[in-house]
Amino acid sequence: MQVLKFGGSSVANADSINKVLAIIKSNNNKKVVVVSALGGITDMLLNSATLAEKADEGYKTQLKDLEERHLEAVKKLIPVQQQSGILSLVKKACNEIEDICNGIFLIGDLSARTKDRVVSYGELLSSQIINAALNNLAIKSEWVDARKLIVTNNNYGMAAVDFIATDKKIQEYFLDNTSNLFLVPGFIAADKSDITTTLGRGGSDYTAAIIAAAIDASFLEIWTDVSGMMTADPRIVSNVKHIPEISYQEAMELSHFGAKVIYPPTIQPVMSKSIPVWVKNTFAPQAAGTVIKNKVAENDSPIRGISSINNLVLISLEGSGMVGIPGFSKRLFEALANAAINVVLITQASSEHSICVGIEDAFSDKAKTAVDKAFEYEINIGQVQPLLLEKYLSIVAIVGDSMKNHTGISGKMFAALGRNGINIRAIAQGSSERNISTVINTADVKKAINILHEAFFETAYKQVNLFIAGLGNVGQKLLQQLKLQEQFLLHQYRLQLKIVGIANSKKMLYKEEGIDAESYRTELENGTAMDIQELSLLIQNKNLRNSVFVDVTANESITFVYKDLLQKSVSVVACNKVAASSAYLNYKLLKNTATEFNSLYLFETNVGAGLPIIGTLNDLLKSGDKIQKIEAVLSGTLNFVFNNYNGEKSFASVVRQAQKEGYTEPDPRLDLSGTDVMRKIMILAREAGEVLEMEDIQNNSFMPESCMTGTVEDFYASMEKEEAHFKKIFEAAKSAGKKLKFVASYLAENVTQKAMVGLQQVDDKSDFYHLYGKDNAVMFYTERYPTQPLVIKGAGAGAAVTASGVFADIIRAARV
Ligand code: ADP
Ligand code: ASP
Ligand code: MG
């Protein structure tokens with residue numbers, strides 16, 4: 001004999017019930033079919049009863065809707081001529097529900113017993129309707145009231161089964177019964193006095209397992225709305241993988257820790273008889289599904305699945321009086337058991353100072369009262385503190401039989417969570433080593449499950465979520481480069497860089513499923529108004545794993561959110577120089593925040609655009625080298641200007657050309673004044689360990705004072721007026737056979753003037769002499785490179801190279 005159970009979504013309406021009928025009809029084997037209430041009906045019944053209890057007449061509308069749904073199912077499933085019997089049955093049941101609710105409304109009281117009575121109608125109705133639909137198809141089936149089969153205690157809402165009495169009744173009923181098909185309402189049972197009880201939410205699975213075990217069924221089929229058990233809840237993780245086989249113990253752990261696909265107690269009865277369980281999809285009956293059985297093949301990952309439970313409260317009993325005295329835990333658990341509070345998780349500090357237990361939020365008040373009462377004496381004399389409660393927590397558990405044969409799994413789990421700033425409040429590992437559970441804030445659950453899923457199952461690729469602010473020259477080039485490299489990174493590095501947020505100065509757009517780097521424009525135009533604080537909050541609230549904020553603006557206000565983001569373990573990649581060149585304390589604070597919260601603050605493009613200058617400096621220092629001196633030409637703009645200025649075209653027009661070609665800051669005065677170079681040498685000196693501010697840097701500016709006031713256009717006009725000044729500088733160098741370079745230097749030795757910038761005439765023996773176009777060059781003189789410096793040279797400005805430097809930082813932040 002087979003037992004088949006169809007869940008609420010499988011019997012939600014006439015269309016899905018027709019699918020159920022087809023599955024039942026597909027063979028002639030003798031079978032028991034257990035059904036849930038029509039999807040959502042149990043909630044509606046509970047809701048109606050609760051409204052009635054609160055004297056809210058809204059229950060009447062709920063009940064009308066409920067009746068409507070059942071009548072509609074009947075009308076669609078059964079031809080008019082055959083409807084009358086089942087229609088009157090439905091109407092009668094609905095009247096009874098209404099009578100009970102009216103009673104609740106009048107007395108304003110809803111007992112657990114009455115609640116069970118009310119919800120039982122869900123399964124009673126669905127099973128009778130499906131039975132009638134089968135009979136209508138001339139398939140003979142026998143409706144059996146589960147209350148005549150399953151005997152429980154009277155713990156209403158979650159009644160415990162009396163297996164001896166139950167097995168006997170089931171066997172007596174089915175074994176000599178010649179009918180070939182039975183229809184049984186799931187979830188409901190009765191106590192010894194024939195009062196209706198229920199087996200706990202989701203309990204229809206359990207009904208089916210109890211029957212399967214009692215009659216030694218060849219297997220149990222659980223028909224639901226997913227094609228078997230998955231490596232995580234498909235509503236939380238989009239890349240879930242199908243689990244073809246799973247052991248009873250693993251399935252039990254996964255469901256205990258929240259995998260709703262199977263109601264936890266379901267496994268026990270079938271496991272005791274080694275009856276395999278198939279989890280199948282009513283809406284895709286051909287799909288393989290999952291088989292739950294004794295021995296299963298190992299899979300690629302040492303873990304089988306990840307699950308989570310929300311609404312957890314950690315209760316802690318703490319106090320010096322607990323040390324070394326046996327019996328404290330016993331009394332705590334006794335107090336909880338006596339109050340019928342289910343313990344989900346236990347941890348105890350080895351100091352024995354505290355025991356910490358996870359329970360469902362619904363039991364918080366009860367637990368507080370019960371435990372404080374049990375320890376009243378110890379609390380009064382100060383040996384133990386009153387029970388502490390921490391709310392809004394969840395458990396995330398990884399489960400797998402073969403975890404015990406693998407080392408480093410918990411390390412991998414905690415490292416992955418830690419890297420993403422997920423705070424772990426408590427940890428438990430069963431001695432069977434079949435699960436490791438962590439307690440975290442509920443707000444972090446989705447992120448945590450996705451991180452763990454990626455770490456344990458998606459060797460295929462790692463997803464990094466990018467938020468890009470700034471869509472100017474560099475921003476647009478960056479988007480193009482991201483698009484071009486998409487496939488390469490996916491295939492070669494298993495890295496998926498997903499742009500989930502973009503913003504320009506006016507608008508911002510967020511799309512968790514990803515923004516196309518080519519066709520984002522219209523969508524962005526329809527986005528919300530750009531507000532950097534809001535964007536920062538959104539990034540923090542969305543709490544996506546591996547988040548990276550990319551600042552390709554030159555805007556100071558954007559830098560104000562770096563710290564908050566770094567604190568939430570969101571890495572920051574900035575081509576914006578404002579933060580790294582702000583007050584030293586701010587620069588240091590950002591660096592320290594990143595270290596503390598395991599995020600990265602990367603700004604390679606602040607110096608030399610895409611050239612690997614900061615990275616090289618860091619590598620030298622990390623490997624033990626010491627910087628003695630840095631000499632550098634760090635302004636692509638100034639280099640371009642002096643390489644192109646030969647006294648023929650005006651100096652101003654060469655600067656204008658540099659701006660047009662995108663080699664200047666948005667305000668070119670920052671380049672021409674030497675301020676930008678000062679910022680860069682300061683950043684390098686700071687990275688080398690120097691505490692330096694802008695005012696500590698000497699700037700031997702070549703610009704006449706008169707050029708530096710007014711608007712950018714005033715600036716160009718005054719440069720035209722000063723053409724003679726620029727020409728003089730040029731001619732002086734030319735006549736000496738030298739070239740003009742704007743050089744920055746930093747000296748590590750103990751001198752008063754550590755850093756300076758200024759225009760120099762260089763001869764052909766200098767490494768800077770042969771710098772063309774917009775090139776930059778940096779010379780590091782170090783302990784290991786004392787006389788012949790380590791030189792980095794190449795284009796130091798331009799949107800494409802800057803974007804590629806930002807891109808390289810993003811890859812660094814992805815930590816692949
Ligand atoms: P039914 O109404 O058939 O009893 P449930 O809603 O109780 O169905 O259970 C099926 C649901 O369980 C799926 O739709 C899915 O969202 C959820 N679920 C949670 N964890 C898992 C998992 N690991 N594998 C499959 N489904 C899961
Ligand atoms: N109808 C019940 C519930 O919604 C039992 C079940 O569906 O398994 O909890
Ligand atoms: Mg279910």
Side-chain angles (χ1 to χ4, degrees), residues 4-13 16-17 19-20 23 34-47 66 115-116 118-127 146 157-159 184-189 197-210 221-244 246 250-266 277-284 287 289-290 292 303-310 396-400 445-446 449 452-453 456-457:
L4 286 72
K5 177 258 167 177
F6 293 91
S9 50
S10 303
V11 298
N13 52 43
S16 51
I17 293 175
K19 296 195 164 63
V20 169
I23 293 164
V34 176
V35 294
S36 288
L38 270 56
I41 291 294
T42 309
D43 285 336
M44 275 172 101
L45 286 164
L46 278 174
N47 199 16
L66 182 136
K115 226 185 232 178
D116 269 1
V118 173
V119 288
S120 69
Y121 282 97
E123 268 70 9
L124 289 171
L125 279 164
S126 63
S127 56
M158 181 79 82
V184 184
F187 182 49
I188 62 172
T197 59
T198 61
L199 302 175
R201 291 304 305 271
S204 295
D205 296 339
Y206 193 25
T207 307
I210 295 166
E221 291 176 10
I222 301 284
W223 289 84
T224 180
D225 59 353
V226 268
S227 296
M229 290 189 84
M230 307 290 159
T231 45
D233 187 339
R235 283 169 305 187
I236 298 181
V237 177
S238 52
N239 295 320
V240 288
K241 305 220 161 16
H242 164 236
I243 304 175
I246 186 167
E250 287 172 326
M252 205 142 55
E253 295 281 342
L254 272 179
S255 63
H256 175 75
F257 286 108
K260 192 185 169 215
V261 62
I262 291 266
Y263 179 54
T266 309
V277 182
W278 278 96
V279 181
K280 299 272 290 173
N281 189 347
T282 304
F283 306 92
T290 298
I292 308 172
I303 76 167
R304 191 78 67 183
I306 306 164
S307 55
S308 65
I309 310 178
N310 291 338
V396 170
I398 59 173
V399 170
V445 167
K446 183 173 177 199
I449 294 183
L452 295 175
H453 199 267
F456 287 102
F457 295 108

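Model, not experiment: these values are computed from the prediction. Just follow the structure's listing: the first ligand is 1, and inside any ligand the first atom is 1.
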Donor-acceptor pair, Tyr263 side chain versus Leu199 backbone, under 3.5 Å?
yes
Could you say whether the N/O atoms of Asp205 and ligand 2 ever approach to under 3.5 Å?
no
Suppose I only count heavy atoms of Ser36 and a 4.0 Å limit; which atoms of ligand 2 are within that range?
6 (C), 7 (O), 8 (O)
Under the side-chain contact (heavy atoms from CB on, under 4.5 Å) test, residues paired with Ser127 that sit two or more places apart
Val35, Trp143, Leu183, Pro185
I'd like the atom pairs linking ligand 1 to the protein - N or O on both sides, separation under 3.5 Å - with distances to 0.1 Å.
{"residue": "ligand 1", "atom": "2 (O)", "partner": "Gly8", "partner atom": "N", "Å": "3.0"}
{"residue": "ligand 1", "atom": "3 (O)", "partner": "Thr224", "partner atom": "OG1", "Å": "2.7"}
{"residue": "ligand 1", "atom": "4 (O)", "partner": "Lys5", "partner atom": "NZ", "Å": "3.1"}
{"residue": "ligand 1", "atom": "6 (O)", "partner": "Lys260", "partner atom": "NZ", "Å": "3.0"}
{"residue": "ligand 1", "atom": "8 (O)", "partner": "Thr224", "partner atom": "OG1", "Å": "3.1"}
{"residue": "ligand 1", "atom": "12 (O)", "partner": "Val261", "partner atom": "N", "Å": "3.4"}
{"residue": "ligand 1", "atom": "14 (O)", "partner": "Asp225", "partner atom": "OD1", "Å": "2.9"}
{"residue": "ligand 1", "atom": "14 (O)", "partner": "Asp225", "partner atom": "OD2", "Å": "3.4"}
{"residue": "ligand 1", "atom": "16 (O)", "partner": "Asp233", "partner atom": "OD1", "Å": "3.1"}
{"residue": "ligand 1", "atom": "16 (O)", "partner": "Arg235", "partner atom": "NE", "Å": "2.9"}
{"residue": "ligand 1", "atom": "16 (O)", "partner": "Arg235", "partner atom": "NH2", "Å": "3.3"}
{"residue": "ligand 1", "atom": "23 (N)", "partner": "Met230", "partner atom": "O", "Å": "2.9"}
{"residue": "ligand 1", "atom": "24 (N)", "partner": "Met230", "partner atom": "N", "Å": "2.8"}

Report yes or no: does a heavy atom of Gly203 sit under 4.0 Å from some atom of ligand 2?
yes
Testing the basics here: between Thr282 and Trp223, what is the closest heavy-atom pair and its distance to 0.1 Å?
OG1-CB, 3.4 Å
Test side-chain hydrogen bond (donor to acceptor under 3.5 Å, both in side chains) applied to Thr198 and Asp116, step by step
CA-CA 6 Å; Thr198 61; Asp116 269 1; 2.7 Å; yes
Short N/O distance, under 3.5 Å, between Gly202 and ligand 2?
yes
Is there a donor-acceptor pair under 3.5 Å between the side chain of Ser16 and the backbone N or O of Ala12?
yes
Mark up the atoms of ligand 2 that fall under 4.0 Å of a heavy atom belonging to Arg201, in ascending order.
3 (C), 4 (O), 9 (O)
Apply salt bridge (charged side-chain N to carboxylate O under 4.0 Å, His left out) to Glu123 and list each qualifying residue two or more places apart in sequence or on a separate chain.
none
Can you name the nearest heavy-atom pair linking Thr231 to Arg304, along with the distance?
CG2-O, 3.7 Å
May I ask you to decide whether Arg201 forms a salt bridge with Asp43, counting only side-chain N to carboxylate O separations under 4.0 Å?
yes
What protein heavy atom sits nearest atom 5 (C) of ligand 2, and how far away is it?
Glu123 OE2, 3.5 Å
As an exercise, identify every atom of ligand 2 less than 4.0 angstrom from a heavy atom of Thr42.
1 (N), 2 (C), 3 (C), 4 (O)
Could you tell me which residues satisfy salt bridge (charged side-chain N to carboxylate O under 4.0 Å, His left out) with Lys446, sequence neighbours excluded, listed by chain and number?
Glu512
Does a side-chain heavy-atom distance below 4.5 Å link Ser36 with Lys5?
yes
N/O separation below 3.5 Å, Ser204 to ligand 2:
yes
